[in-house]
Amino acid sequence: MSEDSRVSCTVDLDAPGKRSGYLNVPWSRDDSAWGAIRVPIHVVRGGEGPTVLFTGANHGDEYEGPIALLKLVPRLDPARLKGRVIVLPSMNHPAAQAGTRVSPIDDVNMNRCFPGRRDGTPTPMLAHYVYHHLVSRADVVADLHSGGKTLDFVPSVTMHELDDPALMGRTKAAIVAMGAPLALILEELDSAGMLDGAVEDLGKMFVTTEFGGGGSTTPERVAIADRAVHNLLCHLGLLDEAPLPVAAPPRFAHTPEDGYVISDDAGIFEPLVELGAAVGTGQPLARVHFFEEIGREPATYVAPRDGFLYSRHFPGLVKRGDCLAVIGDDWRRG
Ligand code: ZN
């Protein structure tokens, strides 16, 4: 599956030891005729063992993943590592530089363009390299997300429901071991082109996260991300160290299809429920206030089902079509 790419890598991905360098994504443009985007990459290869690919900033306004990965790299010692770790702390580097979800260069959402295109604009060209040259080397891919500027989440490690029961079981064990407060099976609203499906279709283990959101972070959420990264490497046997302790085993939940609440209105968003709180069917979750129309009553949005508030819209203003809330519920299947 390794195939020709226009992207090159300045480090040897396969030799033993520890190296840092760049993916070089050609980007000829008005202010740099022979220019390129330089995406930092780190590779640490120790003894026999699996290869784990960590990616942060697939969306450029999500911060816990990049912070945890930038802290992980200096700690990794090839002499004590059983396997190989490949780290892209800011995979969608132009978006991370701009602090935006999608790349400002070509307006492409990196997590909607996998497996990428060799001759695409810079974002699909980079995705094509990641898929054909990094995912191809990996046994496990951990793509670390948060909610970005427009969503906020109960910190969670997530996966999808998989057809292969053995892979499903191994992935469930891994997300529980990562030790976030919530381990969750995510039902996507729109999954075409995600790194998730591209990896899962190869029969490889894929885990992802929603550590927080709002376009920033907190010490508590960074600590959850640090623990998730460390504990995954311990769980997979790459680090012969103790996993970081958790206060309580994670709640195992999912996002049912009928748990998404989409706004039909534009106005000021008033949250009525704290993240993580239990909700019952019909309970008001949020109001939208029509501050431009004198006397118009606010619109109230209610919980479509029982569960808990897993995610909410973050900015103070909401538009028609925005995701207002996502209700999670306990996973009751095997
Ligand atoms: Zn994301």
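Numbering of ligands and ligand atoms starts at 1, following listing order. In this text, all values refer to a predicted model and were calculated from it rather than measured experimentally.
- Tyr310 and Phe153 have perpendicular rings, their planes meeting at more than 60° on a 0 to 90° scale where under 30° would count as parallel.
- The only member of Leu285, Asp264, Val261 that meets side chain to side chain contact (heavy atoms under 4.5 Å, CB included) when paired with Leu324 is Val261.
- Checked by atom type, the side-chain pair Asp143/Thr208 shows no donor-acceptor distance below 3.5 Å.
- Within the protein, the number of N, O or S atoms lying under 2.8 Å from the Zn ion (ligand 1) is 4.
- A donor-acceptor contact closer than 3.5 angstrom is absent between the side chains of Ser263 and Asp322.
- Side chains of Asp4 and His132: a donor-acceptor N/O pair is absent below 3.5 angstrom, by distance only.
- For His313, the ring-ring contact (aromatic ring centres under 6.0 Å, His included) test picks out Phe269, with sequence neighbours left out.
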